[in-house]
Structures are given as C-alpha cells and as structure tokens.
Asks: 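After the structure tokens below, expect a handful of questions from me.
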Amino acid sequence: MPENLDPRYDHPTIEAKIYDLWEKSGFFNPDKLPYPKSAKPYTVIMPPPNANGALHAGHAVFVTLQDILARFWRMRGKRVLWLPGADHAGFETQVVFDKKLEKEGRNRFQIPREKLWQEMWNFTQENKKVMENQLRKLGASCDWSREKFTLDPDIIKEVHRTFVRLYEDGLAYRDVRVVNWCPKHKTALSDLEVKYVEREDPLYYIKYGPLTLATVRPETKFGDTALAVNPKDKRYKKYIGKEIHAQGVLGKLTFKVIADDAVDPAFGTGVIKVTPAHDSTDFEIWQRHKEEIPGLRIVIDENGRLTKETGPFAGLKVAEAREKVAEEMKRIGILEKVEPNYKHQVATCYKCGSTLEPLPKPQWFIKMKPLAEKAIKAVEQGKIKFYPDRTKKVYFHWLKNIRDWNISRQIVWGIRIPAWYHEPKCVPKRGHEGDVVKCKELIISPTEPKCEFCDAKFVQDPDVFDTWFSSAQWPFLTLGYPNGKDYKIFYPTDVMETGYDILFFWVARMIMMGLYRTGKVPFKTVYLHGLVRDKDRQKMSKSKGNVVNPLGVAETYGTDALRMALVVGNTAGNDIVISEDKIRGYRNFATKIWNIARFILMNKPEARDVRVAMRAEDKKNLAELKRLKAAVTKHIEKFEFHLAAEKLYHYVWHTFADKIVEQYKNRLRVNEPPAFGAATRPSGHGSPLHGESEAESPAKSLAGRLSGSQKQEVRGDQRAAYHVLETILLECLTMLHPFMPFVTEEIYQKLRPGQLLLVEK
RNA sequence: GCGUCCAUAGCUCAGUGGUAGAGCGCUUGCAUGACACGCAAGAGGUCUGAGGUUCAAUCCCUCAUGGACGCACCA
C-alpha cells in the first residue's frame, strides 16, 4: 500500500528538509552535477544584496526569476553556475550604520577609523549570515561554495588593479570640481545619487550697481567673483569686459562683467552672478574665463554653514543666512524685489533628503566618454540583448550624455583609494642634503610607497571608492579574472537579471568596466524586472510602513506560493503588484498539486504482470501534455516566465485536476473501494444516501462478475489510467519545479525515492 | 525642455490584426472515492477619446486626455 499523504502540504517542515537535501547533493555546484563533460556552462551572477539589513520583496523577485533560470537550464542539462554574493554597499551601509550610531548617542566622526571599520565589518558579517539564510528559505539554488563578498581580499586586489590601469590609461584623474556635497553625511555623491525635488522658494532680485540680477541663493553672494551676461544680449553689450561697482552687504565691490553662452537672456534679468565655489555652472563659467576673473571664494563650509569670510553671518546655516542676508540687503537698499513662489528643482541627497551643497573638492573622477562609446557599440552590435528591448533606448540616451564619474567618497566603509600623496616637504636622505630632486607627488599603489629620492612619507588618500566602482566589475571579479579557472569557463555570463532602477548605477557600468578590463561583454542578456508595489500601487518603503516582508509571507503561505505570486502577471520592465490575496491563491494551488499527487498515490495499483492497455483518450491527453511542454519551454526560453507559469497553473488545475483526474476516477476503481474513502470522509455527511447497499459502484460489481481474462483486461486498463495520471503528474512536477521547487520536489521524493527532481531532465 | 512607459472585468494585471483572458472579489447551487486552501454553474467589458492604415483594429500609425517614471536643467 503506498504511503498516504496528509491532506495538507506542510510547507514549513518540508521546505527546510528539501533545501537541505538539495544542498547536500552538491548539485548547486556546476562541477558536481552528474552531467557529461560536454555539458555546456550557463552562468548567472547574483546581484549581491547589501549586507546591511534583511531582504525585502525586491530581493524575493530576483531570487525567484534567477532561480527559475538556474533550475530550468540545470534541468535541461547545462552546467549551471548561479554565483551568490553580498555587497558591502559603501555609502548605503554607512547611512544605515550612522543611524544605528545615532540611536546609541554616538557619531561616526568621533570614532577612530580602524575602530569604526571593525564595528562595521562585524555588523555586515552578521547581516550577511541572516541574508544567506533568507536566500536559502527562498529556495535559491546557488553555489554557496563560490560565494563572494565585495570586500574579499582577492576582489579588493583586482579593484586596485583596475584603478591603476585606469590611471595609467589617463581615464582616472584627480581634480578639484564643484561636487554634490551632502552636509549631513559629509561626503560627495555621484550625479546619479542626486535626487531633484521641486520646491518653491523666494527669488531675490538684487542690485549690482547698474545691473540687477535674480537669485534664489543670496547667501552665496559673498563668493561672487564676476557678473555674466549672454554675449548676444544687446541690453548688456556695453558692460561686457567692463568693471562695475556695486554696494555689497559687507562693503563696496567691483566685478568684471563677462559674456558666456551659459547665461539665458530670457531668464530673470538676463544677468547672473558668478559664484564659482558654490555652483557647478558658475564653476564651469569660471573655467572658461580663468584669465579674466578670480576663482574659488569659499563662503560655505562642509557643514552647510557660512564661513568667516562672511563676517557677521559666519556660522549661520544656509537657510538662516539666506533670510538674514535678504534682510540686510533690504535695509541697505540693494534688494529690488522678491518673487515669493519661484518653482525650481533642488538637488537633494537621495538617502536623507538634505539639500546638497555644491562645494569645490579634490576628488577622483573616471573619464567616461571612451568607456561609454565602447559600451554603446557593443549593444548596437547586438552583443547584449535587453529584456524589455525598449530599455536599450534609455541605456543609449544615458551613455550618450554621460559625464565624468566622481568615485571618491568621504566615508570609511569601502575600498580605500590606493592613492598616496607625498608629504608637502621633502626630507632629504642623509648624504643628499644638497641635491635637487624631483619627488613624485602622487603614487598609485595598493601598499605604502617609499619616495625614491627622499625620506618623506606618503600619506594615503582618506577616501574610499563609490561602491558601484567595485560592483561595476563584479561579473569578472567573482569569476577570478584574469587567471581563474572559472573565468575561463563561465565568462561572459549568460544573463544579468536585476531591477530597472539600477540600469545606470550598475548594468551600464558593468558593461563599460567589463569591456575595459576583459575586452568582452560581461553578459549576453540583460533582463530587467520592475519594482515591487503594494496593492495600492505604492512604492514600498519603510517610512510608509507598507513593506511586505517576503520571509514572513513565505513562512505563512510557503515559499512556492510567494514565488508564483511574484511571477504570474510580472512582465519584464513593469512594476509588480503583490498582495496577500494573490499569494494565498497560489498557496491554494500548492495544496491542489499536493492533493492531485495524494489522490494518484492512493490509487497506485498493486504491481501485477498485466499489459498496459492504452485508450485513445490516454494518447490524446498525453499529446496535449506534450504540446503544453513545448509551449512552457518556449516561454521560459523567451523570458516569458509569467506566461509559462500561467499556462502551467491553468493546465494543472483546470485540465489535469478538474477534467483528467475526474475522467479517470472510474477506470482506477477496479478493486474494492480503498479503506481511506470511509475514513477520510467527514462523519455525518452523506452516509444515508451513499450507504453500501445503494451506492455500489458499477465497476466494482462488474469486476465481481468478470471472467479471468476479462479481469486482466480491466486491470490493464486500470494500469493504463494510472500510468497516464502518473506520467502527467511527473511531467507537471518537472515543468513546475523551477517555479515551485519545494512542493514539486517533495512529491517527487514520494514517487521516485532516492532521485532528485532538481536534476531531472 | 528631452525621453520612456501605462490606460482591458469591481480590484490587480495578462493577452491578441479575425467570438475578450487569469487571479482575487461577486451571485447561485453543492460533501462528488484527493483537495471548502474544495466542486459545479453563472453575472460582469463601446479594451481612455478622436482620427488614420486595413477586407478586418483592443492590438499597428497620428493626435488628444489622464497617470507613473527617467534624464537634463535657469541663476
């Protein structure tokens, strides 16, 4: 008698057991797969989750989609490598950790670098462990033996090498520029990390001698070094190249008036003040007119407060200073008028929302143009395919207008920039006191260099790399470029599956850096999924309190249900709406599959030497199954996971369970009714109507009256019925396995003990 | 300003150049040899609007309206 299953699929115990079974098999590791040597590799590099907190619904989406790919191709005989990792997530983690410190009444600026680093190291290692177990709970069939962390020594070493190469090729350079400075986090940010928000502020019209100009930032006027107009603006032609005298807040001032195309004659009065230290456009204007006008006059510091150059306003925060300066201007009669509600975009920190302060800082930049051109070409040549295809347009647009990338961050958490600066003064070696030597001011080196000519020390740049600088190299770093065995086998990788929100941050930069270092594209296909929204289409965020904890949901309804809910209705590039109702629906589906299997197993005929006698309907049903299989395969190959999942759902429930199983019930019913029938039927229901006397099945009574050979025939038919049902069940389990790995494997274990659906063909 | 996407059932979303689909919800009836997390039957749609291409448009094209988003910005 076959083992009876419970009427409910008990996911919590089974999922843990099954994952353990898989992991112990070693088949997540492509080297250990029981496949022939000729089996082709298939590689997916996992976007490494940030090691600074728990996984969220977005992670569940990528785990599901990538695990579908990994399992599907593994079952099709490829040597699948799905390589997991974790990201130190420099600035993001620094922000999380800063908050933690704040709660403890501490502050990172008061903690010595080494101590802070150690604390953050411990913090991320803890999070990493949690995250790894969460990935296991989501069923990720990734090769843990190859897991990488972005701060592994071999990764750091290669990131350093990349930087050295870029420097030597003239693509990495250090320069003073007006950068996006967050006064709260006290670091510069890249252009991508700036969030522009619309705000209404007063627009002040200020008199500069004979001219009037409009600004929203009167507090920066102490940093003015010139006035500028458009060269074609007839109104101001007579002033160009001349000096004007103006009454300033702190006294009399003299400015040269210059002409620059950056000035829009239609805006305000068509005159601007040039404040190179506190505005990036003004900085660029100054760069173009360096000979004519003075440069950086810094009047705002790193804390967003006015410097001592501003006299009575020193120490005031920008917002207060603005009002005070305006009042003073009004008092001395240089404030012409104020437009109170001027709408404009303000640059803010994407993490804390602080208004960014444009400040001049020496930073490391990457020259992007040459890298971008190659990245554009590779995609134009079709070396990388995008899903959805339209993403390419966005990709091209960004790359064609790319600006140099500031990779310096003034934080501790990250890979330190391997740049060393010579002490300001030379310390001549003994015996060479009188020599005139030319010491190198800057050396790029992972370790502390020594000066060739003198005894002065080199001081390392305190900054760390933008986390995306190392992430951009992730595909080849994780595979052990340049000499690793894996690199030779698994690179370029097959698919990069990630969210469309990091197309520029990550995908485009991976393509650029991959091409730069390896000469090859890092992946052949990019699949971009959408962002997860709640049932009201709201973006999930902690502050809104609408975050779906995927692990909690998996706990309640099972991982398989969560995964199905994330796949069905989820098309490439479009946002994903998740609701508990939907997950519950697929939990029901898991139970359905379970009960189909339960029913079939209950009716397994005793093994007898009877010929299986197939009917026409059997062949028809198997043919339909074959068609479904072809369709599902094709959908997955085309990255149409939602269509594959929907078709499977529909077939399993509404064809297999509702029609085929019902249709075959009679044919299975050759022997006495199984004992469970009476036992499982809830008592008190139907007994009077379905009593033994009236409700004897025709098949049963038939079997009683049949001759020996006729009995053989009926049993042959019964075996055929069972055979068809079991075949369909097995095929459905196989097809469903990439989507719902746990319940399918568990049932498979009942049907084929000792084998693994994980590597079933 | 430049660009991208979306608009289909009450809700959330699939889909297709030729009778319109799913989940959830709703209505009605149900213990039927696994499943009430179930079974059966059913209601519900001018596929945003206006043009165009076509024998035929929800689908392709143009414009409009409403919504989401990205990029770049003017002080």
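Chain letters run A, B, ... following the sequence lines, proteins first, then strands; residues in each count from 1.
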Asks: Between atom CE in A/Met564 and atom C1' in B/rC37, what is the gap in whole Å?
Replies: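 Spelled out: CE on A/Met564 to C1' on B/rC37 is 15 Å.
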Asks: For the P atoms, the ones on B/rA7 and on B/rG49, what distance do you get once it is rounded to whole angstrom?
Replies: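 Each nucleotide's P atom is 13 Å from the other's.
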Asks: Please state the C1' separation for the pair B/rC11 and B/rG25 - nearest whole angstrom.
Replies: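 My reading of the C1' atoms in B/rC11 and B/rG25 gives 8 Å.
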Asks: Can you tell me how far P in B/rA20 sits from the matching atom in B/rG70, rounded to whole Å?
Replies: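 To the nearest whole Å, 38 Å.
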Asks: With A/Tyr557, which of A/Arg587, A/Glu580, A/His11, A/Lys582 fulfils side chain to side chain donor-acceptor pair (under 3.5 Å)?
Replies: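 Result: among A/Arg587, A/Glu580, A/His11, A/Lys582, A/Glu580 is the only option passing the side chain to side chain donor-acceptor pair (under 3.5 Å) with A/Tyr557.
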Asks: May I ask you to decide if the ring planes of A/His654 and A/His650 are parallel, tilted or perpendicular, using 30° and 60° as cut-offs?
Replies: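 It falls in the tilted class, 30° to 60°.
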Asks: For RNA chain B, what residues of residues 225-233 of chain A have any heavy atom nearer than 4.0 Å?
Replies: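 Residues of residues 225-233 of chain A under 4.0 Å from RNA chain B: none.
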Asks: Which whole number of Å gives the distance between the P atom of B/rG10 and that of B/rC26?
Replies: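 My reading of the P atoms in B/rG10 and B/rC26 gives 15 Å.
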Asks: Parallel, tilted or perpendicular: which describes the rings of A/Phe639 and A/Phe641, with under 30° parallel and over 60° perpendicular?
Replies: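 A/Phe639 and A/Phe641: perpendicular rings.
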Asks: Can you give me the dot-bracket string for RNA chain B, 5' to 3', counting Watson-Crick and G-U wobble pairs with both distances under 3.5 Å, using [ ] for crossing pairs and | for partners on another strand?
Replies: (((((((..((((....[..)))).(((((.......))))).....(((((..]....))))))))))))....
Asks: C1' atom, B/rG15 versus B/rA22: distance in rounded Å?
Replies: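 Result for the C1' pair: 10 Å, nearest Å.
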Asks: Could you tell me how far B/rA14 sits from B/rA9 if I compare only their C1' atoms? Round to whole Å.
Replies: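 Each nucleotide's C1' atom is 13 Å from the other's.
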Asks: Determine the interatomic distance between P on B/rC2 and the same-named atom on B/rG21; round to the nearest Å.
Replies: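 Straight-line distance between the two P atoms is 41 Å.
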Asks: Of all the nucleotides listed (B/rG23, B/rC39, B/rC71), which has the minimum atom distance to the side chain of A/Tyr649?
Replies: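 When the side chain of A/Tyr649 is considered, B/rG23 is the closest of B/rG23, B/rC39, B/rC71.
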Asks: Using atom C1' in both nucleotides, what's the gap between B/rC60 and B/rC47 to the nearest angstrom?
Replies: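 These two C1' atoms come out 16 Å apart once rounded.
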Asks: Looking at RNA chain B, which of residues 632-644 of chain A put a heavy atom within less than 4.0 Å of it?
Replies: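 Going residue by residue through residues 632-644 of chain A, the ones with a heavy atom under 4.0 Å of RNA chain B turn out to be A/His642, A/Leu643.
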Asks: Between the base of B/rC35 and the side chain of A/Arg598, is there any donor-acceptor pair under 3.5 Å?
Replies: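 No such pair is found, so the answer is no.
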Asks: What is the nucleic acid contact for A/Thr275, judged by heavy atoms within less than 4.0 Å: base, sugar-phosphate only, or nothing?
Replies: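 Answer is nothing: A/Thr275 stays at 4.0 Å or more from every strand.
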Asks: Among pairs that include at least one residue of residues 499-509 of chain A, which meet side chain to side chain donor-acceptor pair (under 3.5 Å), considering only residues two or more places apart or in two chains?
Replies: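 Of all non-adjacent pairs touching residues 499-509 of chain A, those that pass side chain to side chain donor-acceptor pair (under 3.5 Å) are A/Tyr500-A/Asp575.
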Asks: Using the side-chain hydrogen bond (donor to acceptor under 3.5 Å, both in side chains) criterion, which residues pair with A/Glu292? Sequence neighbours excluded.
Replies: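 Here the qualifying residues are A/His289.
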Asks: Please tell me if the side chains of A/Thr391 and A/Leu503 come closer than 4.5 Å, counting only heavy atoms from C-beta onward.
Replies: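 Yes. Closest side-chain heavy atoms under 4.5 Å.
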Asks: Name the pairs: protein N/O against N/O of nucleotides 25-30 of chain B, kept only if under 3.5 Å.
Replies:
none

Asks: Please verify the inter-ring angle class for A/Phe589 with A/Tyr649; under 30° counts as parallel, over 60° as perpendicular, anything in between as tilted.
Replies: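 Plane angle between 30° and 60°, so tilted.
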Asks: Drop me the distance from A/Asp224's CG to A/Thr215's OG1, to the nearest 0.5 angstrom.
Replies: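 Answer rounded to 0.5 Å: 8.0 Å.
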Asks: Give the ring-plane orientation class for A/Phe656 versus A/Tyr651, where under 30° counts as parallel, over 60° as perpendicular and anything between as tilted.
Replies: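 Rings of A/Phe656 and A/Tyr651: parallel, as their planes differ by under 30°.
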